[in-house]
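All remarks here apply to the structure that follows.
Just so we're on the same page: letters track the sequence lines, and every chain starts at 1. None of these values were measured; they are calculated from a predicted model.
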Amino acid sequence: MCYHNSLKKEAKEISEYYEASFEERDLFTPIFHAAGFSFPHWPIVCTEASIRKIELSEWGLIPSWAANLMEANRLRSTLLNARSETIFEKISFKNNIMQQRCLIPSTGYFEWQQVQKKKYPYFISLRNVEIFSIAGIINTWMDTETKKTKSSFALITTSANSCLEKIHNTKKRMPLIVHKSDEGKWLDNNLTETEIKRMMTPYPSEEILFHTVSNLISNFATKNSNRAEVSTPYVYPEFQQQRFF
DNA sequence: CCAGACGTTGTT
DNA sequence: GTCTGG
DNA sequence: CCAGACGTTGTT
DNA sequence: GTCTGG
């Protein structure tokens, strides 16, 4: 699973990294932390008429058959993630994975480790890169009441690599991270199922960076977790003690 | 054929 | 809307 | 989709 | 082998 993400970059930097235009750049501000369950707007990279572009889309895929906004919001909370293992079979995803793939820029995501009865949050990022891409699928939904269309997306997950299964030790999942060298290919709309599946492997453990963070993001009472400090390293006293064993 | 599902697994 | 399970 | 049916109606 | 019910 992956429900907590960050994108701590200005629109200009994102646009430069992907060499793609970002029309709605003025509406974007860096995201230190956002939870999928709040259906945040996120810049995503996709291909339209063979041109790569960045558009703001909402996390939480709304299936085309959602009858109204209330139903859309109910449905999408279970469509924040899509399992790579079954994405070609599920009716909510199968068309999108073939024709509507996107890249979700990230500067690191958050995951919890269960130790005895407690959960400790971690910030997870990649070695030697500031921005990386998580694989996703997009859908465009028409609200029949307002006649307006809404772009939404789901983040693809895969089994955790040996490093991340120690952190996310309850479900052992991780986001499907696309190698920099595969980004163009992922956005190619002419791929076969086999070609897509070949890119669906857990990112190597050696490239993963992680550290524990404060429970700022864990606390429902926190009014706004979208602050720079959410990913600042924070060492739990009991973790320090563990090192002596 | 047709009713019912359609999805994932949070910090609660 | 489309697929699946029974 | 697939398991299970697939048939008729004596007078006994 | 083909149809039907679920």
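- Distance A/Ile87 CD1 to B/dT8 C1': 12 Å, rounded to the nearest Å.
- Regarding A/Ile137, its CD1 atom lies at a distance of 13 Å from the C1' atom of B/dC6, rounded to whole Å.
- Rounded to an integer number of Å, the gap from CG of A/Leu75 to C1' of B/dA5 is 11 Å.
- Aromatic ring pairs are classed by plane angle as parallel below 30°, tilted from 30° to 60° and perpendicular above 60°; the pair A/His211 and A/Phe123 is tilted.
- C/dG5 atom P lies 10 Å from atom CD of A/Glu89, rounded to whole Å.
- The nearest whole Å value for the distance from the CZ atom in A/Arg74 to the P atom in B/dT8 is 16 Å.
- Ring-to-base geometry places A/Trp65 in a stacked arrangement with B/dC6 (centre distance under 5.5 Å, plane angle under 30°).
- For the residue pair A/Asn139 and A/Ser152, no side-chain donor N or O sits within less than 3.5 Å of a side-chain acceptor on the partner.
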Discussion item. Test side chain to side chain contact (heavy atoms under 4.5 Å, CB included) on A/Ile208 and A/Leu164; report intermediate values, then the result.
Written reply: CA-CA 8 Å; A/Ile208 307 293; A/Leu164 289 166; 3.9 Å; yes

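- We find that A/Glu183 and A/Lys185 are not joined by a salt bridge, their nearest charged nitrogen and carboxylate oxygen being 4.0 Å or further apart.
- Using P as the reference atom, E/dG6 and B/dC2 are 12 Å apart when rounded to the nearest Å.
- Look at CZ on A/Phe88: it is 18 Å from C1' on B/dC6, rounded to the nearest Å.
- Between A/His33 and A/Phe110, the gap from one ring centroid to the other is short of 6.0 Å.
- Tested against A/Tyr120, the residues A/Gln114, A/Gln113, A/Glu238 include a single side chain to side chain donor-acceptor pair (under 3.5 Å) partner, A/Glu238.
- In this model, the phosphate group of B/dT9 is approached by a side-chain N or O of A/Arg83 to a distance below 4.0 Å at OP1 or OP2.
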Practice prompt. Give DNA chain B the dot-bracket treatment, 5' to 3': Watson-Crick (N1-N3 with N6-O4 or O6-N4) or G-U (N1-O2, O6-N3) under 3.5 Å, [ ] crossing, | other strand.
Written response: ||||||......

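- Protein atom CG of A/Leu79 is 12 Å distant from nucleotide atom C1' of B/dA5, rounded to whole Å.
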